[in-house]
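No hydrogens, no waters, no symmetry mates; every other heavy atom, side chains included, goes into these values. Proteins come first, then strands; the chains are lettered A, B, ... in the order of their sequence lines, and each starts at number 1.
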Amino acid sequence: MKLYNTLTRTKEEFTPLDPQNIRLYVCGVTPYDDPHLGNARPMVVFDVLFRLLRHTYGESAVKYARNFTDIDDKIIARANELGEDPATLAERFIHSYHDDAAALGCLPPTYEPRVSETQVMEGIITFIEKLLKKGSAYEIPGDGIYLDITQIDGNDGYQYGKLSGNKLEDLVAGARVEANTAKRNSGDFALWKLAKPGEPQWKTPWGAGRPGWHIECSVMSEQLLGDKFDLHGGGEDLQFPHHENEIAQSVACHGHIHANVWLHNAFITVGGKRMGKSMGNFTTIKDALEKYSPEAIRLWLLQTHYRKPVDYSDEALIAAENRLKKLLPKALAVTNPAPMPQGFLDALKDDLNTPKALGKMGSIEETATCLRFLGLL
RNA sequence: GGCCGGAUGGCGAAGUGGUAACGCAGCGGUCUGCAAAACCGCGAUGCGCGGGUUCAAAUCCCGCUCCGGCCUCCA
């Protein structure tokens with residue numbers, strides 16, 4: 001199986017650390033609103049990868065973790081806005097996420113950790129203590145604990161900026177927006193934020209507060225999959241700063257990058273422009289489901305390679321709907337499904353080339369099997 | 001400004017050296033009282049533009065145009 005690794009910018013042959021124990025970690029969401037179609041893409045793409053890995057290495061050999069960042073500035077802000085308890089609000093949108101993922105035919109991950117879990121929070125505190133002890137992290141009194149991105153030397157020679165294609169010098173020197181002059185480098189980021197009155201908080205040796213944005217993924221992945229695992233995925237937007245910072249923490253803590261292969265899906269666009277929360281041009285999965293069948297949405301997403309943008313339009317969704325309208329009744333009527341054609345499987349194993357695979361489903365007996373495999377039947 | 005992608009028939013989308021998968025729409029046919037559905041068939045002499053390399057290029061090289069993304073909120 002080949003996969004494109006953002007870390008090396010090349011398509012590589014995937015070699016598991018342990019074929020009996022394949023480990024995949026995908027960044028989920030911060031549950032402060034209903035998930036939109038941009039969130040649906042990694043849901044579906046990595047679900048197909050999960051299915052492919054299970055098919056290749058055996059169902060019990062694959063572990064898939066997808067987190068919820070249920071403690072975050074955006075959640076607190078939204079909760080204040082609505083006069084709702086932050087934890088209740090997060091819980092509500094986690095349910096919403098689960099509903100949508102299930103509707104879109106995604107298998108439940110093996111693990112779905114949350115930052116607010118006691119074990120995770122304790123892990124975060126321990127992790128930060130280690131970084132402080134090592135001198136990779138420092139305190140800004142009255143503010144929080146920060147990671148010094150120039151102090152992360154690991155034995156694998158990782159340089160901050162490699163994943164996202166940035167140069168450390170540029171990031172250290174190029175203070176674009178310098179909100180916090182107490183930081184040693186402009187690229188330094190918060191591991192822990194000291195609480196302001198009324199905010200959710202946890203006690204630590206350096207003061208009560210809550211975790212920064214990136215730390216949770218380093219800790220949860222380590223707790224569930226170990227400090228070295230196979231695959232780490234997420235949306236393209238997470239490449240920087242989230243994944244870059246996650247790597248920085250883990251390298252600083254463990255001396256090596258925590259995941260071998262870094263996978264990033266491209267964006268959903270609308271009229272060629274990125275669909276995003278801050279653009280205000282997003283469509284929630286629930287709204288899309290009012291207009292189109294879940295299978296059509298799933299097929300629409302899989303009709304384009306995951307590293308290329310997909311444009312959301314009525315035309316595209318209707319085309320997917322029409323294809324299924326013709327295909328599904330025939331596929332459902334198949335009583336003697338045939339094995340998946342090799343060409344179908346080969347396409348999927350070539351960096352998850354779902355559009356190519358969809359063109360190689362073969363006879364209707366084979367197609368039924370393929371559709372079922374893809375979660376479309 | 002720095003870095004990274006993309007441009008393939010009406011639309012979407014594979015294909016990264018050997019002569020353009022697949023899907024949607026369209027068109028023709030079979031069937032039907034007509035239509036729909038279903039089934040069968042057709043469709044780019046050409047892959048943003050200009051050069052170059054090669055026996056051979058959508059695929060490699062050089063230059064150009066346009067579009068998008070990231071540069072510390074976003075899957």
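Here the separation of B/G17 from B/G29, taken at their P atoms, is 42 Å to the nearest Å. Rounded to the nearest Å, the gap between the C1' atom of B/G28 and that of B/U65 is 40 Å. Taking the C1' atoms as reference points, B/C22 lies 35 Å from B/G63, given to the whole Å. Nucleotides B/G10 and B/C4, compared at atom P, are 33 Å apart to the nearest Å. Of the P atoms belonging to B/C64 and B/U54, the separation is 23 Å, rounded to the nearest Å. Across B/G68 and B/C27, the matching P atoms stand 34 Å from one another, rounded to whole Å. Comparing the P positions of B/A44 and B/G5 gives an interatomic distance of 33 Å, to the nearest angstrom. Of the C1' atoms belonging to B/A20 and B/U8, the separation is 8 Å, rounded to the nearest Å.
No more than 12 heavy atoms of other residues, nucleotides or ligands shown are found within 6.0 angstrom of NZ on A/Lys203. More than 12 heavy atoms of other shown residues, nucleotides or ligands fall within 6.0 angstrom of atom NZ in A/Lys134.
The side chain of A/Arg274 places an N or O atom within less than 4.0 Å of a non-bridging phosphate oxygen (OP1 or OP2) of B/C70.
Grouping Ile, Leu, Val, Met, Phe, Trp and Tyr by side-chain contacts under 4.5 Å, direct or through others, puts A/Ile75 with A/Tyr32, A/Leu82, A/Leu89, A/Phe93.
Less than 4.0 Å separates RNA chain B from at least one heavy atom of each of the following residues of residues 67-98 of chain A: A/Lys74. The stretch residues 234-264 of chain A touches RNA chain B through A/Gly234, A/Gly235, A/Asp237, A/Leu238, A/Phe240, A/Pro241, each having a heavy atom within less than 4.0 Å of the strand. Listed in residue order, the members of residues 30-46 of chain A having a heavy atom less than 4.0 Å from RNA chain B are A/His36, A/Gly38, A/Asn39, A/Pro42.
Judged as a side chain to side chain donor-acceptor pair (under 3.5 Å), and not counting sequence neighbours, the contacts of A/Asp34 are A/Ser96. Remark: A/Ser278 pairs with no residue by the side chain to side chain donor-acceptor pair (under 3.5 Å) rule, at least two apart or across chains. Applying the side chain to side chain donor-acceptor pair (under 3.5 Å) criterion to A/Asn281, with sequence neighbours excluded, gives no partner residue. Qualifying side chain to side chain donor-acceptor pair (under 3.5 Å) partners for A/Thr204, counting only residues two or more places apart in sequence or in other chains: A/Trp206.
Between A/Tyr4 atom OH and B/C4 atom P the separation is 10 Å, expressed in whole Å. When the P atom of B/C39 is taken as reference, atom CG of A/Leu327 falls 10 Å away, rounded to whole Å. Atoms CG (A/Asp47) and P (B/A75) sit 19 Å apart, rounded to a whole Å. For the pair A/Asp311 CG and B/G69 P, the interatomic distance rounds to 11 Å; values are reported in whole Å. One can place CG of A/Asn281 at 13 Å from C1' of B/A75, the figure rounded to the nearest angstrom. Between A/Asn5 atom CG and B/C4 atom P there is a gap of 17 Å when expressed in whole angstrom units.
Checking side-chain atoms of A/Asn5 against main-chain N and O of A/Trp262 turns up a donor-acceptor pair under 3.5 Å. Looking only at distances, no side-chain donor or acceptor of A/Asp156 sits under 3.5 Å from a matching main-chain atom of A/His256. The backbone N or O of A/Glu199 lies less than 3.5 Å from a partner atom in the side chain of A/Gln201, making a donor-acceptor pair.
Among the heavy atoms of the strands lying under 4.0 Å from A/Lys330 are primed sugar atoms or P, OP1, OP2 only; no base atom is included. A/Phe267 comes within contact range of at least one nucleobase, with a heavy-atom separation under 4.0 Å. Nucleic acid contact for A/Ala266: base, since at least one base atom lies under 4.0 Å from a heavy atom of the residue. Among the atoms of the strands shown, base atoms are found under 4.0 Å from some heavy atom of A/Ile268.
The salt bridge (Lys or Arg N to Asp or Glu O under 4.0 Å) contacts involving residues 310-334 of chain A comprise A/Lys291-A/Asp314, where partners must be two or more places apart or lie in separate chains.
Between A/Arg9 and A/Asn265, the residue whose closest nucleotide on RNA chain B is further toward the 5' end is A/Arg9. Comparing A/Lys277 and A/Gly165, the nucleotide of RNA chain B nearest to each residue sits closer to the 5' end for A/Gly165.
Using a 4.5 Å heavy-atom cutoff, the side chains of A/Cys217 and A/His242 are in contact.
A side-chain donor-acceptor contact under 3.5 Å links A/His264 and A/Thr6.
Of all the heavy atoms in A/Ile257 and A/Lys228, the pair that sits closest is O-NZ, 3.1 Å.
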Output a table of donor-acceptor pairs, distance under 3.5 Å, between side-chain atoms of residues 367-376 of chain A and any protein atom two or more places apart or on a different chain; print 'none' if there are none.
| unit_1 | atom_1 | unit_2 | atom_2 | d |
| --- | --- | --- | --- | --- |
| A/Thr367 | OG1 | A/Met361 | O | 3.4 |
| A/Thr367 | OG1 | A/Gly362 | O | 3.1 |
| A/Thr367 | OG1 | A/Ser363 | O | 2.9 |
| A/Thr369 | OG1 | A/Ala338 | O | 2.4 |
| A/Thr369 | OG1 | A/Glu365 | O | 3.3 |

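One finds the CZ atom of A/Phe240 at 6.5 Å from the CG atom of A/Asn245 (value rounded to the nearest 0.5 Å).
Ring pair A/His98/A/Phe68 is perpendicular by interplanar angle, where above 60° counts as perpendicular and below 30° as parallel.
Not a single donor-acceptor contact under 3.5 angstrom links the side-chain atoms of A/Ser164 to the base of B/C70.
For the pair A/Arg54 and A/Phe50, the cation-pi test (distance below 6.0 Å, angle within 45°) is passed.
Both key distances under 3.5 Å define a Watson-Crick or G-U pair, and stretches of 3 or more such consecutive pairs in RNA chain B run B:1-7 with B:65-71, B:10-12 with B:22-24, B:26-30 with B:38-42, B:48-52 with B:60-64.
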Practice problem: Would you mind building the protein contact string for nucleotides 14-28 of chain B? One character per nucleotide, 5' to 3', B for base within reach (heavy atoms under 4.0 Å), S for sugar-phosphate only, - for untouched. | Solution: SS-----BSSSS---
